[in-house]
Structure formats: C-alpha cells, structure tokens
Amino acid sequence: MRVLGLETSCDETGVAVYDTAPGRGLLAHALHSQTALHLAYGGVVPELASRDHVERLVPLIRRTLDEAGLGVADLDGVAYTAGPGLVGALLVGAGLGRALAFALGKPAIGVHHMEGHLLAPLMEPDPPGPPFVALLVSGGHTMLLEVAAIGRYRLLGETLDDAAGEAFDKTAKLMGLPYPGGPAIARLAAGGRPDRFTFPRPMTDRPGLDFSFSGLKTQVLLAWQRHRDEPDAAADIARAFEEAATETLAIKCRRALAETGARTLVVAGGVGANRRLRERLASAARADGFRLAFPRPEFCTDNGAMIAFAGALRLAAGLADDAPLHVRARWPLESLPALPAG
Amino acid sequence: MTAGLAVALPDEAATRALGAALATALAPGDVIHLVGELGAGKTTLARGLVQALVPGARVRSPTYTLVEPYSTPAFDVLHLDLYRLAAPDELEALGIRERVGEAVIVAEWPERAAGALPEADLRIELRHASNGREARLLARGPRAAALLHALAGSVPQA
C-alpha cells in the first residue's frame, strides 16, 4: 500500500510516500523549513505558517511523487497530520489531503503528530518492536510513554510547565543566541566547562516521571545576570544548562524503563537530535543493558515521512477517517484507537 | 479610576499564592495582563490562579501552543502567551475575539497584541527584586480597585 503523508502542524511543510509492501518502505520525502522565515520573530508565527504551507505543499507533493517515480493515481491512500498543532496550519494539510483522497476515490486518515514522532524510529533498518518506552522531547512537548502496542499508549509522565526544547529556546533567548535555541546552545556548550556552574536536575530528587524545566530557566537567568560580563560565561552556562537538562531526561528515562520493565527506549522529537543527550542515553543503555533507538536526525524534527508511515500502518490495518474534516489543536495521545490485533 | 498595589514575592510559592488570591475574586470577562521579562514569574502566577480554580490542573507554558484553555463551573479561563505573535492582528488566528466578555483572559506578553487585545482590568508587572521578585498590580475600574483593596489585607506588600 502506497501512502502519501502530509505534515503541516507547525512550521515545517513535509511530504513523503511510504510503501508497506515488503522490501519497499520509504520511497521519497521532501521538506521545506520555515525556520528562516520565523528567525526574525524568535519563534513560529501562526498566520505566516499557514500561508507558507499553502504555497509550498503542492510543489512539494509534485517533487516527492517525481522522486518516487509515481503518478498521483498510483497512491493507495493519503495521511495528513490532524493534530495537535496550529489549527490554521493543520487545516492546510488536512484540506488538501482529504480533497486529494476524495478525488482519487482512496481512503484518507488524520494522523496524531506525536504518534508520528514516536513511531519514526520504526522506519529504520532492524526496527525495535513494542513493548517499549518512548521519550518524546521537543519544543512543545516533553513526555514519557509506555507503548504496549502500536496505538496503545500510556502516559507515564510529562512536563508540568515548560517543554525541554522550550527551555533550550528560552535559555538561548536569555543569552541573546539565535533561534532555534537548541542547536545554538549545543554549539556554545561544546566549548564550555562542565564544572564552573551547576544547575539543579529538576524533580529527580523525588519519585515520579513528570518533568519541570521552568525553574531551570530561572537558575540560568540568575547566573547569566550575575556573570554575563565574565570571560566564557555564555559557553560555561550553556554547558551547565545542557548537562542539567540532558541528565534530567536521562534519569527519568532510566526510571521509566525500571518501572515498566521494558527493555527498549525510543527517543523522538527535536531535542532527540541533541548530541549530549544521545551520548548520555547511549552510556545508560550500555550500563543498564537496554536497547536504544533513535530516528535518523532529519526525522527527529517534524517531517512528512513519519506521517506517511504512521498513516500507512493505520490504513493498512483497515482504519480510515470519514469524510468530515477534523483537526485538533489539543489531542491526548492516550485517546487513540489501538490497531486491531494481528 | 485606577489603583495600585506592590506585592513582595520572595519565592515561587508566594507568586503562586498571589495568583490563587486573585482567582477567588474573578468574574466572567475579566482581563488580566501579565507583564515582565523571561523568567519573571508570569506563567507561575497564572499557574497559581488556574490551580485555585481547577485543583490539580496541569498548567503548562502556552509559549508553543499560544493559548491553553481551562474550564471552571463559572467561566472558562484562557491562558495566553503572545510572545510569538509578529503582529497584533494575528490574535485573530487564536479565536479569542468571540470569547471576550465571557471567558477570563490571562495574557502574558500583552504588548505583542497591543490594540487587538482587550484592555486590562488588572495589569500585573513582575520583575526581579533584591529578595526574589516583586509584583506591581494596577487596577482599572471600581471592581478591580476593590479587589486590590481586599488583596492588600492578605498579601505581604513590597
């Protein structure tokens, strides 16, 4: 089954074709990033994002189908991100995806953006299978999930305030670094000393799997105000922040694995591309003997491939959405229907 | 008619408590502006306010979602973070206009939507002070002024 995937939930326009036939997999994918467009504002701008998706989506679909050597009539279904996200941006992909499927007489399905992220590592060679624990960590989310089967998700913990990626972005902003903040902090931290500043590892001193990154931001702010004129202050603070954020994430991942008894950890979302986080989790995996699975870095951030893949799994299992168009700004992952067994 | 009050906020609990104290006096349609730099305690104050109305609610930062809605028996609370708006008219995209006058609006970075966002009944300016943080509350209209007067008896003033 060849499925076209459309991702327009935020500021990336992603398109891909995934084929569920044995030995096929991802046939082509293309991405247009609006990061440059939003650079001036230090974040995503909802209306600009919607307008940009309108301009980009059709040319990207044409390019992706060309690369895959397919015509539009060769598609067996269409998957689009139906939420969570910016409603105006979601409607662009959902409207086009649903109209295309209707015109072709093929099924279409709205995909949960976070399910796309957490299944992304399963597109790689020798994919891990459920049960596993998933850490979804991005600018808008920080959550740990137990994945008993595809579509059966239990929330183990989430952030009580800022997402980890948001903490990276705001820390960067405080120190006058460019957007997006994650890569900027990581670059700066690479030349910083790990032992000059020490920030707390929030909520690791008590049981539970929830996160809190707002207080860490305040600690960075205070340190920055006090030391900003000293040599190497920015690099040393960035390093201490990155150490605190990534160690906190690693502690909670180990705890989640211990609590669930799962032997596999899947990490997805934009912060999953952070090198220090990858190093920490890799050494934890060696020490504790669990399997660690990441998507390739380009599929850590928003992309069309993960939507084509998650949609293809659901469509191939006979699930599809009725014609009315639904997008959701907020959408609990635990409310998804599980795939039929087998 | 305007009235003002300065409140000392030595720690996070004090910031949440101020939010909770405000929550008890809210009426449908009230608009609160939260003004202050990154890390000044805007979201923490909003968290105290929402959790006083919806015990146990998870009040996440709306920086990425722009608006987080909460329901209480008496009214809805819309917690906004307008930091990422490029122009005030983008407020339209958030579907706020039709809720003005019935929902309680708690807006961080209101200056990003100046002119498009309703005027504040209560403007709260948060800043770092020598011992923690400090809030300056400015009321517009007699009801908000009475609220500040009642509050003055129950919070440590700066």
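Computed from a predicted model, the values in this text were never measured in an experiment.
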message = Check this for me: does any side-chain nitrogen of one of B:R60 and A:D162 sit under 4.0 Å from a carboxylate oxygen of the other?
response = no
Distance, nearest 0.5 Å, that separates CG of A:D169 from CZ of B:R84 = 8.5 Å
query = Between A:L160 and chain B, which part of the residue has a heavy atom less than 4.5 Å away: side chain, backbone, both or neither?
reply = both
key: Among A:G139, A:G140, A:G85, A:A163, residue most engaged with chain B (heavy-atom pairs, under 4.5 Å)   = A:G139
query = Is the CZ atom of B:R136 crowded by more than 12 outside heavy atoms at less than 6.0 Å?
reply = no
request  = Take A:L221 and B:H128 through the test side-chain contact (heavy atoms from CB on, under 4.5 Å) and record every step on the way to the result.
outcome  = CA-CA 10 Å; A:L221 176 66; B:H128 287 273; 3.1 Å; yes
task = Determine, step by step, whether A:K170 and B:Y83 satisfy the side chain to side chain donor-acceptor pair (under 3.5 Å) criterion, reporting the C-alpha distance in whole Å, the side-chain angles of both residues, the deciding distance to 0.1 Å, and the verdict.
result = CA-CA 11 Å; A:K170 287 185 171 173; B:Y83 184 73; over 6 Å; no
request  = Could you tell me which of A:D210, A:V87, A:V220, A:L222 has the largest number of non-hydrogen atom pairs under 4.5 Å with chain B?
outcome  = A:D210
query = With only heavy atoms counted, which part of A:K217 is less than 4.5 Å from chain B, the side chain, the backbone, both or neither?
reply = side chain
key: Toward chain A: residues of residues 17-56 of chain B with heavy atoms under 4.5 Å   = B:L38, B:G39, B:R47
query = So how far is it from A:T218 OG1 to B:E12 CD, rounded to the nearest 0.5 Å?
reply = 7.5 Å
